[in-house]
Amino acid sequence: QVQLVESGGGLVQPGGSLRLSCVASGSIVSIKSMAWYRQAPGKQREFVASHSSDDYTTYADSAKGRFTISRDSAKNTVDLQMNSLKPDDTAVYYCQANILPGGSAYEFDYWGQGTQVRVSS
């Protein structure tokens, strides 16, 4: 019943900015953490940034200084502000969340469908 939906992807020129959003919906009791991953063509999925329930944030080296993750707990959303985008940032970006769903005593990892980001001239 839990779903994650990303939005905000698109085409942007190098040096430009995009803001990705992800909303979690369904039977949710609590969200422990939310994060962003990405997968470029021909490459494995890699971690980008995360935001835990205690407001602790973590960034991949490739994202430090350029990307900012933020979370609105009341709305069950997480955003990724991406600045100074490079062609190497081109990938499908996935939202991930560790969620305690209704009717369960354990938390599970959920994934969104992904949103495409293309950085090109």
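All residue numbers in this chain count up from 1 along the given sequence.
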Practice task
Indicate whether the side chain of Asp79 and that of Gln81 have a donor and an acceptor atom separated by less than 3.5 Å.
Solution key: no
Handout entry: Neighbour count >12 (heavy atoms, 6.0 Å) for atom CD, Gln3
Key = no
Handout entry: Within residues 65-121 or reaching into it, pairs that qualify as ring-ring contact (aromatic ring centres under 6.0 Å, His included) - sequence neighbours excluded
Key = Tyr37-Trp111
Problem - Nearest-0.5 Å distance that lies between atom CD1 in Ile69 and atom CE in Met82 - result: 11.5 Å
Problem - From Ser52 atom OG to Arg71 atom CZ, the distance as rounded to the nearest 0.5 Å - result: 7.5 Å
Exercise for the section: Compare all side-chain heavy atoms of Glu6 with those of Trp36 and state whether any distance is below 4.5 angstrom. Expected result: yes
Problem - Nearest heavy-atom neighbours spanning Leu4 and Ala97 - result: CD1-N, 3.7 Å
Handout entry: hydrophobic_cluster_shared for Tyr59 and Val117, side chain cutoff 4.5 Å
Key = yes
Problem - Interatomic spacing from OG in Ser50 to CG in Asn98 - rounded to 0.5 Å - result: 11.0 Å
Handout entry: Point-to-point distance, once rounded to the nearest 0.5 Å, from CD1 of Ile99 to OG of Ser30
Key = 9.0 Å
Problem - Side-chain heavy atoms of Ser27 within contact of Pro101, under 4.5 Å - result: no
Problem - Shared hydrophobic cluster for Leu85 and Phe47 (ILVMFWY, side-chain gaps under 4.5 Å) - result: no
Exercise for the section: Answer yes if Val92 and Val12 sit in the same cluster of Ile, Leu, Val, Met, Phe, Trp and Tyr residues linked by side chain heavy atoms under 4.5 Å apart, and no otherwise. Expected result: no
Fill in the blank from the handout: In short, Gly9 meets Leu20 closest at the heavy-atom pair N-CD2, 3.6 Å
Handout entry: Test item: Gln116 side-chain N/O and Ala91 main-chain N/O as donor-acceptor pair under 3.5 Å
Key = yes
Fill in the blank from the handout: In short, Arg19 meets Ser70 closest at the heavy-atom pair NH2-OG, 3.4 Å
Exercise for the section: State, yes or no, whether a side-chain contact exists between Gln96 and Asp109 at a heavy-atom distance under 4.5 Å. Expected result: yes
Practice task
Check whether more than 12 heavy atoms from other residues, nucleotides or ligands sit under 6.0 Å from atom CD of Glu46, and answer yes or no.
Solution key: yes
Problem - Nearest non-hydrogen partners of Gly10 and Leu18, listed with the distance - result: O-CD1, 3.9 Å
Handout entry: Of Thr90, Asp89, Thr115, the residue whose pairing with Arg38 passes side-chain hydrogen bond (donor to acceptor under 3.5 Å, both in side chains)
Key = Asp89
Exercise for the section: Treat each ILVMFWY residue as a node, draw an edge where side-chain heavy atoms are under 4.5 Å apart, and state whether Ile31 and Val23 are in one component. Expected result: no
Exercise for the section: Check the surroundings of atom CZ in Arg118: do more than 12 heavy atoms from other residues, nucleotides or ligands lie under 6.0 Å from it? Expected result: no
Problem - OG-CG distance between Ser25 and Asn76, expressed to the nearest 0.5 angstrom - result: 8.5 Å
Practice task
Check the hydrophobic clustering (I, L, V, M, F, W, Y; side-chain heavy atoms under 4.5 Å; chains of links allowed) and say if Met34 and Leu100 are grouped together.
Solution key: no
